[in-house]
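Letters go in sequence order (proteins before strands), and every chain restarts at 1.
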Amino acid sequence: MARAIGLKLFAALAAAIIVLPVIAVIPVAFSAHSYARLPPEAWSLRWWAAFFADPTWFAALIVSLEVAVLSAVACIVLGTSAALGMNRLPPVARKLLAGVFLGPIIAPAIVLAVGLYSLARSVGLVGSLLGLVIAHTMLAMPYAVLNIGVSLAALDPRLALAAAGLGADRWRIFRTITLPLILPGIAGGAVFAFVTSFDEVVLAIFLSGPQVKTLPVRIWEEIRVEYTPVVAVAATIMIVLAITGAALGRLLGRVRQEARA
Amino acid sequence: MSTVSFRGVSKRFGVSEVLQPLDLDIRTGEFVSVLGPSGSGKTTLLNVAAGFLAPTQGKFFVDERDITSLPPRRRNIGMVFQNYALFPHMDVGANVAYGLRVRKISSAEIATRVARALQTVQLEGWESRAIASLSGGQQQRVALARAMVIEPDILLMDEPLGALDRQLRKNVQLEIRRMHLRAPRTTLYVTHDQEEALVMSDRVTVMRSGRIEQIGTAEELYHSPANTFVARFLGESNLIPGEVIDVASGKARLSVPGLERPLVGRAAAGVAKAMKAAAMIRPENIRLRPGGLHGRIVERVFLGEITAMRLVVADGIQLWSRLLGADVPQTETMDVGWRDEDVSILPDEARSK
């Protein structure tokens with residue numbers, strides 16, 4: 001009994017260490033003070049008003065959303081093609097290629113950032129939306145390929161044979177059989193890609209410019225000058241969007257399991 | 001509906017020859033089973049017919065038209081898979097309609113034909129059911145409806161009853177048979193279940209190691225198997241090894257060590273003087289005959305309407321006899337005999353290889 005309680009305490013402590021620093025930022029966003037302090041003694045929405053009144057904050061939020069959505073779209077289009085192609089390879093070649101696709105996860109972000117920065121500079125993509133989208137697509141692609149690959153591997157190859165036997169050509173089989181059945185994997189990949197891009201900061205610092213910067217980069221710039229509660233507002237927005245994304249991913253996973261049953 | 005011909009079809013994967021060059025002709029509206037153990041090449045044969053596999057050599061004809069290199073979608077085949085391969089994200093109606101939609105048929109006609117197909121498999125009005133909500137037997141019937149609704153030239157079935165339990169399998173067997181008799185369609189049916197093959201087929205093809213061992217009606221295969229493999233594979237049989245004394249006018253005499261008199265029976269093709277062979281007698285043909293061969297009963301197996309008995313008739317020679325309950329002796333021994341026309345002298349596959 002005592003042991004069970006001890007275990008629960010330990011688990012609660014571990015959870016607190018993980019969660020507290022993250023949620024600590026939320027009360028600050030609703031503080032009435034002009035500096036960040038915990039706990040706030042007076043509450044207000046003034047920093048929310050300030051966030052949306054400052055065009056640089058709002059622009060950064062829009063850029064972040066644009067980059068995340070475009071990267072997610074690029075990831076699922078390219079990721080689906082890659083997963084379909086890999087699915088047809090012999091096992092050894094498939095594993096080798098899967099290793100290559102994991103590269104961006106394994107490589108240190110700062111190394112990727114330096115490499116991408118020099119590349120982007122030579123083609124004039126630093127400080128452009130396109131540059132950020134390409135970088136984040138590369139970073140998030142492994143998650144898309146993995147997710148879609150898992151869905152494809154679970155697909156009974158005889159379904160495609162059955163459709164072919166009934167007269168369907170390749171495109172029709174893809175459109176009516178393969179695509180609808182791997183859709184949960186594609187959606188999961190999209191969510192992963194969106195969240196990966198949305199909270200990415202290392203590549204974004206290198207590739208952002210005066211006109212185009214993402215929300216994490218804007219936070220980074222602000223905090224180097226002064227920690228005002230408006231930073232907490234930006235952070236709170238990011239937390240909410242990230243949790244929404246993760247919840248959506250879980251929901252899709254459950255839909256997929258029910259479709260199997 | 002069409003005639004189907006395999007001419008010299010073979011298939012090789014790397015070094016293993018899964019199909020040795022073989023010929024098989026199926027008549028219009030004929031139901032032919034391909035029966036064999038796993039690894040006999042029967043599914044490969046079916047995949048060649050469907051166009052899922054290209055033969056290494058040989059040609060495949062439908063109505064005397066060479067369609068060896070035609071892709072599956074241009075072949076007008078109806079295929080039923082062992083796991084049914086129903087589309088899980090579509091309802092019953094959409095599954096059955098799939099092949100008709102591909103053929104650009106008007107939706108009014110599709111609805112009519114789907115309804116008729118479901119009626120044929122006794123699932124009338126089940127269009128909007130989800131696939132996951134169906135039992136195995138029901139899924140199997142949807143798969144059958146989906147394959148038949150497109151009016152295929154050939155119906156190909158790959159162990160379609162393999163996943164059903166025994167009682168259901170028996171019912172569906174008879175159902176498929178009746179459906180076939182009502183509207184005959186050229187059918188190639190792959191199975192490893194001898195009973196299934198016997199119940200449903202016009203003719204049965206027995207395969208082993210990529211070769212056809214024998215083709216014939218169920219009666220022909222049962223009463224006149226070509227060799228000991230076919231005899232063993234179809235039904236129960238007593239196989240008594242010996243050596244051929246002579247062959248004359250379709251009859252052979254076999255000398256069996258331990259038996260005073262030689263066994264006489266129909267000589268199968270390939271049986272020649274002085275070769276090793278086996279006499280086959282079905283257990284139901286080993287009957288009580290007072291004064292016949294004296295046998296000691298060493299085992300009794302009650303099978304309901306009949307009882308099977310294992311007899312030792314001589315040193316190293318055992319026979320199974322199957323008698324109706326009323327005929328079963330309660331003694332420890334019984335005298336048995338058989339008619340010469342119930343004996344087949346077969347090349348012994350095990351030893352000639």
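- Other residues, nucleotides and ligands place more than 12 heavy atoms under 6.0 Å from the CZ atom of B:Phe13.
- Taking the side chain as every heavy atom from C-beta outward, A:Thr176 and B:Tyr98 approach each other to under 4.5 Å.
- Taking CG of A:Leu161 as the start and CG of B:Asn47 as the end, the distance is 7.5 Å to the nearest 0.5 Å.
- Within a 6.0 Å radius of OH in A:Tyr143, no more than 12 heavy atoms belonging to other residues, nucleotides or ligands are found.
- There is no contact between A:Ala160 and chain B, counting heavy-atom distances below 4.5 Å.
- Between atom CZ of residue B:Phe52 and atom CZ of residue A:Arg158 there is a gap of 11.0 Å, rounded to the nearest 0.5 Å.
- A side-chain donor-acceptor contact under 3.5 Å links B:Arg103 to the backbone of A:Leu166.
- Within a 6.0 Å sphere centred on CZ of B:Phe81, other residues, nucleotides and ligands contribute more than 12 heavy atoms.
- Put simply, the side chain of B:His89 does not reach to within 4.5 Å of the side chain of A:Leu183, judged on heavy atoms.
- Only the side chain of A:Asp156 comes within contact range of chain B, judged by heavy atoms closer than 4.5 Å.
- Between B:Met90 and A:Ile177 there is a side-chain heavy-atom pair separated by less than 4.5 Å.
- Other residues, nucleotides and ligands contribute over 12 non-hydrogen atoms within 6.0 Å of the CZ atom of B:Arg177.
- Taking each heavy atom of B:Lys104 and A:Arg172 in turn, the nearest pair found is NZ-NH1, 4.1 Å.
- Contacts of B:Leu156 with chain A are absent, with no heavy-atom separation under 4.5 Å from either backbone or side chain.
- Residue-environment remark: CZ (A:Arg170) stays at or below the threshold of 12 foreign heavy atoms within 6.0 Å.
- Of the atoms belonging to B:Ile77, heavy atoms from both backbone and side chain fall under 4.5 Å from chain A.
- Across all their heavy atoms, A:Leu181 and B:Pro88 have their closest contact at CD2-CG, 3.7 Å.
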